[in-house]
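What follows is a single structure, written as structure tokens, with notes after it.
Within every chain, numbering begins at 1; the chains are lettered A, B, ... in the order of the sequence lines, protein sequences first and strands thereafter.
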Amino acid sequence: MITASGLGRTFTVGRRRAGMLGSLRGLADRGGTEVRAVSDVSFEIGSGEVVGYLGPNGAGKSTTIKMLTGILVPSTGTARVGGLVPWERRRDLARRIGVVFGQRTQLWWDLPLIDSFELLRHVYRVPADRHARMLAEMREVLELDAFLDTPVRQLSLGQRMRGDLAAAMLHEPDILYLDEPTIGLDVVAKARVREFLAGLNRERQVTVMLTTHDLADVEQLCSRLIIIDGGRMIFDGSLAEIRRRFGSFRTVVVDLAESPVDADADEWRAFLPDGAEVIRSDGPRVAIRFDSRLLTAAAVIGRVVTHRSVRDLALEEPEIEEIIRGIYERGAADPAA
Amino acid sequence: MGRSSVSGDLLAAVSMTVAVIRTAFRQQLAYRTAAIGGLVTNAVFGAFLASVYGAVYAARGDAAVGGLSRDGALTYVWLAQALIVPTLVWGSWEIATSIRTGAIVAELLKPYAFFGHWLARDAGRAMAGVLMRFVPTLVVGFTFYPIVVPGDWWRWLAFVLSVIGAVTISFVVRFCIQLVAFWWNDMTGLRSAQLAIVGFLSGFLMPIDFYPVWLQRVIDVLPFRGIIQTPVDVWLGNGNTWVLILVQVAWIVVGVAFAQWLFARAVRKVVVQGG
Amino acid sequence: MADVRGGGRLAALIPDLAVTWRLLMARLRGQMQYRGSFVSQILGNAAIGLAELGSILFFFLHIDELGGWRLGEIAILYGIATIGFGFGHLIASGLSGFSQMMVEGTFDQMLTRPVSPFLQVVGSDIQIRRLGHVVQGIVALVIGFSLVDVPWDPARAIALPAIILLITALYISLFALEATLSFWTTQGIEAVNIATYGGNTVGTYPIDVFADWLKGFFLFIVPLAFAVHIPMAWLLGKPTPLGLPGWVAGFSVPVIALFGIAIGALWGVGVRRYRSAGS
């Protein structure tokens, strides 16, 4: 459905010169530096996949989405979305995609929600009966009836987001691009949005490409993750694969019977096996992290028990958040946390 | 610390006023590149209107209209353009915006006179306007058109006084109109109405010499002609210069008193109703 | 990198215009909620217009004709020019907000929709108070027609609304030019302002009244003379302005059309540049 090959986008950040004279001079000689917003991004997303597109701020996520929606023409590379080259067939493609920006609504501010839906019907030229059916479905699934007649400016953030999601789906697009759809929402609203997206994907095989900073979104929705940093792809695979490749560490937390004093890391290093180390200690509670490729939990626990008196223990899986942060910080090259 | 003296208070007030004026002045200077665009607009409109008045007088064989000669009319065109920015004859809206956004409440809590503070700000702004727009516009007009220039040195002084009067009267008018924002939420219609009425009565739309005589008499007793027509008359030596300036002063006194009264009522509304 | 080539784009025009109409009506409905403001805005605008009209009438207390045109003729000229400006400014309401749209990312949103981005910008706003200019123009026309005997014939009857259309088209083009410049610079818009508001001033007087360089500007650079003065002189049975031969009037439509097309092309260049250079 979405194929990107070697997509690249370079911006020349011209020096903004002050004043009228400066602007005139700026027209003649732009000067400035070249910024590689995106380089050599390639992936293939099949119909019905839900892909998380992650990266730190400024990594090139919005630039990629702009190229895939046809807003921006790439400097290098090519792409096909639904068989069309986005920047060449922008208008035709527009009918088949839906876009939701978390920060910026596409609804009409002063008008009741229902009016926005009606306007969009005309914008996308959706036949009245199809639109009515889709609207009825959206109303039910997203529970819009309570505020259908309310002007958009009076809606809460959660209600507005539900409105935006419905609006994006009314013309039954095959592909949905979501830019931070759960940003600023409370826990209940987030759950609702995720449920809705999961349902969409299940029932209608809508291909979803979702950028987010909320890793819970990722865990609950995305079968696949693409991670971009500094304009380059540093990972493309499943969540499980991430855990496997980068989540190679686990943590065992022991509650010691004695010692109110914090554990001395050096002391512990002396008896812990290689590949295990104390990362936290809080009085009697000590957290030991170990590389699960080198050691088993049993081995670590066994060693600890021999040297200290343990009252209780627990095993922790690495949070996806930690893993991904680790990837951002260290790059895909060094996966060890 | 003992009781502060009256002269001490006065000194403090004066130095603060000077500081406010200076800040407002510098603030405007920062926009000097935008001023160039505005200057071009002034110059082009000056050229348009000079053509029109030239044709009007040509149709009369260059005979004067009332006391206004052809060259006097051309001078009027350029003076009026030059005075737009210093007098802000089209209106200013900072106070109204402050009222609408509620920022005004913070200002009302500050220990200075609201009116005086905004007057000082306007003064600084007007001075910058004189420097950046008034003078250059007149220079352009003078370069290309047969502008009349005052001969006597005292007339220059009178002109400066009349411009100070014009800016002050304009400020009082703008201040009072903006206070309406305390009672009415939306000012857009009022803004247009102000533009129409003040433009018509101040001599900005057209020299008052062109109006029917009975209308001129009415306008002469209203404050608005002090904003544009009076400075022009003083520059050209039309009418009785010092009487005109005295009338400006009289209207300033009345206007300030009215503004204070209106302001007191507005504050009472805020305090009683919570704005 | 044209998208929906040639014929396709033209075929999309009618339905796109229909959508634009709906967008404008929706926006209008939104504004009418604030009824008090709505009415006061129209009244305020009418007040300005009537003041301006009054000032021109006052000229004629002192003269019989201006540039060879009598009061009634000038009133008709003023009326037609102002009605055209009013309609043009009204329709171009959305274009005035364009530079803001680029900054806020609203324009990007428009690019993801299957409607001409230009028409979406036009459809984004309507400032109904600009009809005040039309009201003012109608008042002037009433005054003018009561004072002047226009040599009416079928050609002139059709020409009157056509001239208004021509003037409207010119002003829409000028406001579009102003918006298009936002693709390149945030300043320099002032210059186009002079052409639009200045044009409105110049359009209300016979063009022969103005200095040579102004005449040249409004004939060759911004073809206001072709939209207003030349056709109106013909309509009123007056000699063609600027000493031009009478057949020049026949060129009004193509000149204005070409002007509009040129600016349309510039807009297209601007959009391409925006999509190639980013922001």
Side-chain angles (χ1 to χ4, degrees), chain B residues 33-61 63-66 68 73 90 144-145 184-213 215-216, chain C residues 34-70 127 129 132 186-195 197-202 204-215 217-218:
Chain B
T33 43
I36 297 181
L39 189 58
V40 171
T41 309
N42 278 141
V44 173
F45 273 86
F48 287 166
L49 294 170
S51 294
V52 171
Y53 281 91
V56 168
Y57 275 84
R60 289 172 56 84
V65 173
L68 197 61
W90 288 344
F144 296 102
Y145 294 87
W184 281 2
N185 246 325
D186 180 69
M187 302 281 290
T188 348
L190 197 60
R191 288 170 74 152
S192 308
Q194 175 193 356
L195 194 52
I197 296 174
V198 175
F200 185 75
L201 296 174
S202 63
F204 177 73
L205 209 53
M206 177 175 250
I208 296 184
D209 310 79
F210 274 73
Y211 289 6
V213 176
L215 191 53
Q216 290 185 39
Chain C
Y34 308 100
R35 209 168 344 180
S37 156
F38 195 65
V39 170
S40 76
Q41 279 184 46
I42 296 186
L43 288 180
N45 228 7
I48 297 179
L50 291 174
E52 284 175 359
L53 184 56
S55 70
I56 293 198
L57 296 180
F58 281 157
F59 273 141
F60 282 88
L61 289 174
H62 308 278
I63 53 178
D64 290 323
E65 45 87 56
L66 184 62
W69 291 52
R70 297 177 342 262
Q127 295 287 336
R129 68 168 184 273
T186 47
Q187 298 170 326
I189 308 261
E190 194 74 37
V192 187
N193 251 335
I194 297 178
Y197 292 99
N200 188 31
T201 306
V202 171
T204 56
Y205 295 102
I207 195 143
D208 285 309
V209 149
F210 295 98
D212 287 335
W213 63 276
L214 284 172
K215 287 180 193 164
F217 181 83
F218 284 107

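With a 4.5 Å cut-off on non-hydrogen atoms, B:N42 does not touch chain C at all. Heavy-atom distances place both the backbone and the side chain of C:S55 under 4.5 Å from chain B. When heavy atoms are compared at a cutoff of 4.5 Å, C:F217 does not approach chain B at all. Neither the backbone nor the side chain of B:Y57 comes within contact range of chain C; no heavy atom of the residue lies under 4.5 Å from a heavy atom of that chain.
Separation of atoms CG (C:L43) and CG (B:L190) is listed at 12.0 Å; rounding is to 0.5 Å. A distance of 9.5 Å separates CZ in B:F45 from OH in C:Y197, rounded to the nearest 0.5 Å.
Using a 30° and 60° split on the angle between ring planes, C:F58 and B:F200 fall in the tilted class, from 30° to 60°. The aromatic rings of B:F210 and C:F59 stand perpendicular to each other, their planes meeting at an angle above 60°, with 30° marking the opposite boundary.
Closest approach of C:I63 to B:R60, counting heavy atoms only: CG2-CG, 3.3 Å. Considering all non-hydrogen atoms of both residues, B:V40 and C:I194 come closest at CG1-CD1, 3.7 Å. Considering all non-hydrogen atoms of both residues, B:A59 and C:E65 come closest at CB-O, 3.1 Å. Listed here is the closest heavy atom pair of C:V209 and B:A55: CG2-CB, 3.5 Å.
When each of B:L215, B:V56, B:V44 is checked for heavy-atom pairs under 4.5 Å with chain C, B:V56 comes out on top. Note on B:A196, B:G38, B:S51, B:A50: by heavy-atom pairs under 4.5 Å with chain C, the leading option is B:S51. Interface check for chain B: of the options C:L66, C:L57, C:D208, C:N193, the most heavy-atom pairs under 4.5 Å are formed by C:L66. Considering only heavy-atom pairs separated by less than 4.5 Å from chain B, the leading option among C:G198, C:A211, C:A47 is C:G198.
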